[in-house]
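Start at 1 with the first residue, then count along the sequence.
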Amino acid sequence: MYLADRSAPSGAKTAPPDRGSGRAPAVASTVLALGTVSLITDVSSEMVTAVLPLYLIAGLGLSPLGFGALDGVYNGVSALVQLTGGHLADRVRNHKLVAGIGYGLSALCKPLLLLAHSLGPISVILALERTGKGLRTAPRDALISLSTPDELQGRAFGVHRAMDTTGALLGPLAAFLILGVAADGYDAVFGVSACVAALGVVVLMLFVPSGAGDTPPRPAAAPPAAAPAPARPNPVRLRDAAALLRLPRLRALALCAVLLGLTTVSDAFVYLLLQRRTGIDDQWFPLLPLGTAAVFLLLAVPAGALADRIGRRTVFLTGHALLLAAYGLLLWAPDWPALPYLVLALHGMFYAATDGVLPAAVAATVPESLRATGLALVGTGQALARFACSLAFGGAWTLWGTGPALAAAAACLLCCAAVAGYVLRPSPPVPAAPAASAPAPPDPSRRP
């Protein structure tokens, strides 16, 4: 089967074109509003993420294994809550409400970091913050997909991810500037992060519509004399969510997301490996995510549009090939001055080719009434797999060192990518049944 199924699923709704201009808008206003919220929220989150590895390892003396466990919890809690957020949004049929609760919970956790200066409280706060992220992710992506026609899903997710990544670009830069001028740098970063997160919640409440679509209203017409009342949709049940896994296309996407997630080394580990390999000073460490974010920002929309044209399977697998190349450079490349730039560029290209393409492919396979649940199923599987990868990689680093740990991750990525390519291979076309041949017309030259 194709990773990208361009036919709309049964029950899916796509936004109709703008009849006033005669053409569909390039990107729905819902996507732009959600992109703005994500931009602001990511400025807040990435300010903390940029300094957290250095704060925990250099400041609190945490071992790589301990950081791997904490990073796994940081992502694993979000994964487990995604299912709850997706199903709840479909059940109450209010994606904005559930997303708002998630954004609000994450914002409330930011100022608590000012009060925590040991591993235990920090772990609890990060787990709560990731709970908010897990609640909001699937409803937010469902709002994006439900406001966009199926053939433009890749572009819409690419635009959102580009705006989201703009925040990821500005967050580490803000953290770097604050650390350079503030006497108590880490607490200053956490305080500013809390204020920015609150602004993101305000923008969500004021500018994101509650409905799935945002098409302009049509001219009023006289209603029919005896118009029947619209039927109330059936409530979404847990068995409906479980039945989604009977869809062959969704099962294949979930399997591949899990397999490849098991080989995706955490961003924090990539930056720590790059620092140790190249000797980058601690002062410049918060700027390393800027390289990834800048490339992601430049390529997210083109990668999404390319996936809509040539198929999401090809772009998705190419992204993991680029990640494998980044692992190879960290392992075997000589000490070139350009090595950090090459690794960060490949890292950003990996995200541009995968982060928005996967939910676009999932959205094309799931009916509208279960859109958030379907996105949460695949996202949960991927996040849990990355949780396992963080634990495994942190343990391998502690026991064997960085080289053998990364070599094992690269070998696993190569094998899992081959399996994913086979699972997502194009299905052979079904031969059409031969049409019944019409009787030949009588030959006028023949005598009866």
Check whether any side-chain heavy atom of [X] lies under 4.5 Å from a side-chain heavy atom of [Y], and answer yes or no.
X: F190; Y: L112; answer: no
X: V31; Y: F157; answer: no
X: L32; Y: M163; answer: yes
X: F269; Y: W397; answer: yes
X: T41; Y: V37; answer: yes
X: V366; Y: V362; answer: yes
X: H160; Y: R140; answer: yes
X: L146; Y: H95; answer: yes

Is it the case that [X] and [Y] place a side-chain donor and acceptor less than 3.5 Å from each other?
X: T165; Y: Y351; result: no
X: S44; Y: S193; result: yes
X: R136; Y: S106; result: yes

So does [Y] get a backbone contact from the side chain of [X], meaning a donor-acceptor N/O pair under 3.5 Å?
X: H320; Y: F316; value: yes
X: R312; Y: V357; value: no
X: S147; Y: I144; value: yes
X: S145; Y: A142; value: yes
X: T263; Y: L260; value: yes
X: Q153; Y: A363; value: no
X: D281; Y: W284; value: no
X: D42; Y: T166; value: no
X: D164; Y: L39; value: no

Could you state the interatomic distance from [atom1] ([X]) to [atom2] ([Y]), rounded to the nearest 0.5 Å?
X: C109; Y: L128; atom1: SG; atom2: CG; answer: 4.5 Å
X: L424; Y: R313; atom1: CG; atom2: CZ; answer: 6.5 Å
X: C256; Y: L317; atom1: SG; atom2: CG; answer: 7.5 Å
X: T380; Y: L83; atom1: OG1; atom2: CG; answer: 3.5 Å
X: L250; Y: T365; atom1: CG; atom2: OG1; answer: 4.5 Å
X: L274; Y: L329; atom1: CG; atom2: CG; answer: 10.0 Å

Got a salt bridge between R161 and D355, using NZ or NE/NH1/NH2 to carboxylate O under 4.0 Å?
yes
List the atom of [X], the atom of [Y], and the distance in Å for their closest heavy-atom pair.
X: K96; Y: L204; answer: CE-O, 3.5 Å
X: C389; Y: G261; answer: CB-O, 3.8 Å
X: R251; Y: L245; answer: CG-O, 2.6 Å
X: A162; Y: V301; answer: CB-CG2, 4.0 Å
X: V265; Y: V270; answer: O-CG2, 4.1 Å
X: V189; Y: V48; answer: CG1-N, 4.5 Å

Assess the residue pair D141 and R371 against the criterion (side chain to side chain contact (heavy atoms under 4.5 Å, CB included)); give the C-alpha distance rounded to whole Å, side-chain angles, the decisive distance to 0.1 Å, and a yes or no.
CA-CA 9 Å; D141 286 351; R371 187 66 53 84; over 6 Å; no
Kindly determine whether T314 and T318 satisfy side chain to side chain contact (heavy atoms under 4.5 Å, CB included), including the steps that lead there.
CA-CA 6 Å; T314 302; T318 300; 4.2 Å; yes
Give the ring-plane orientation class for F350 versus H347, where under 30° counts as parallel, over 60° as perpendicular and anything between as tilted.
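If you compare the ring of F350 with that of H347, the planes turn out parallel.
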Steps toward side chain to side chain contact (heavy atoms under 4.5 Å, CB included) verdict (Q382, V258):
CA-CA 5 Å; Q382 183 183 55; V258 169; 6.0 Å; no
Determine whether V51 and F285 satisfy the following criterion, side chain to side chain contact (heavy atoms under 4.5 Å, CB included), listing intermediate values before the conclusion.
CA-CA 8 Å; V51 302; F285 184 85; over 6 Å; no
Could you work out, with salt bridge (charged side-chain N to carboxylate O under 4.0 Å, His left out) as the rule, every residue matching K110, not counting sequence neighbours?
E129
